[in-house]
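Comments concern the structure below.
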Amino acid sequence: AGAYYITLCTHNRAWIFGQIIDDDMHLSRFGRIAEQEWLATPRIRSEVELDVFVIMPNHMHAVVLLGGVGRDGPRERAHGRAPLRRRGRSLGALVAGFKSTVTKQINARRRTPGSPVWQRNYYEHVIRGEDSLRSIREYIVNNPANWEFDELNNLSQR
């Protein structure tokens, strides 16, 4: 259980999710697939609460709360008393399921079955404290406006 900052990159950092125009992200049809599936996550996985996220041309950033720990502390309680001590599904399972679903949908539309959409693995960081959470949220929200300086902005993909 806890709060996590994650970054998922596309295979070979390909610009498939859209483009930045005037500091705003404009999603492609594949970017909209990723967005719709991300927003569906809490309906599929009750242990997940989504916080801020952004889908960029070749990656996405998100803050995820797992295991019933919400912005205001534990959200599940046994009979109104102590928080439940259920072990939620892992962050790895969440990411794998999301990537798999998005990959299948994109490949079906491109007619490229089995082609990779995502880079293997992902970046994760455990968020410890309100100052860290505030800083990460700010970074995510401002990511499109800072795209010109982003290390994941490999200009050759334009």
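Computation of the quantities below employed the complete heavy-atom set of this structure, encompassing side-chain atoms and omitting hydrogens, waters and symmetry-equivalent molecules.
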Checklist entry - What closest approach, in Å, do W15 and N153 show between heavy atoms, and which atom pair accounts for it? => result CZ2-OD1, 3.2 Å

Checklist entry - Are any non-hydrogen side-chain atoms of I44 and T41 less than 4.5 angstrom apart? => result no

Next on the checklist: Which label fits W118 and F98: parallel for a plane angle under 30°, tilted from 30 to 60°, or perpendicular past 60°?
Outcome noted: tilted

Next on the checklist: Below 30° counts as parallel, above 60° as perpendicular, anything between as tilted: where do the rings of H125 and Y123 land?
Outcome noted: parallel

Next on the checklist: I'd like to check P42 versus E49 (side-chain heavy atoms, cut-off strictly below 4.5 Å). Are they in contact?
Outcome noted: no

Next on the checklist: Using side-chain heavy atoms (C-beta onward) and a distance below 4.5 Å, is F17 in contact with I106?
Outcome noted: yes

Checklist outcome for this item: Closest heavy-atom pair, E124 versus I6, reported as atoms and distance to 0.1 Å, is CB-CG2, 4.2 Å

Item to check | Validation row: P57, M25 side chains within 4.5 angstrom (heavy atoms) | outcome: yes

Checklist entry - Which pair of heavy atoms, one from T10 and one from A14, lies closest together, and at what distance? => result OG1-O, 2.8 Å

Checklist entry - Quick one: does R45's side chain get under 4.5 Å of V64's, heavy atoms only? => result no

Checklist entry - Among pairs that include at least one residue of residues 21-33, which meet side-chain hydrogen bond (donor to acceptor under 3.5 Å, both in side chains), considering only residues two or more places apart or in two chains? => result none

Checklist entry - Is V48 close to L65 at the side-chain level, that is, under 4.5 Å between some pair of heavy atoms? => result no

Checklist entry - With sequence neighbours left out, what residues match E37 under side-chain hydrogen bond (donor to acceptor under 3.5 Å, both in side chains)? => result Q105

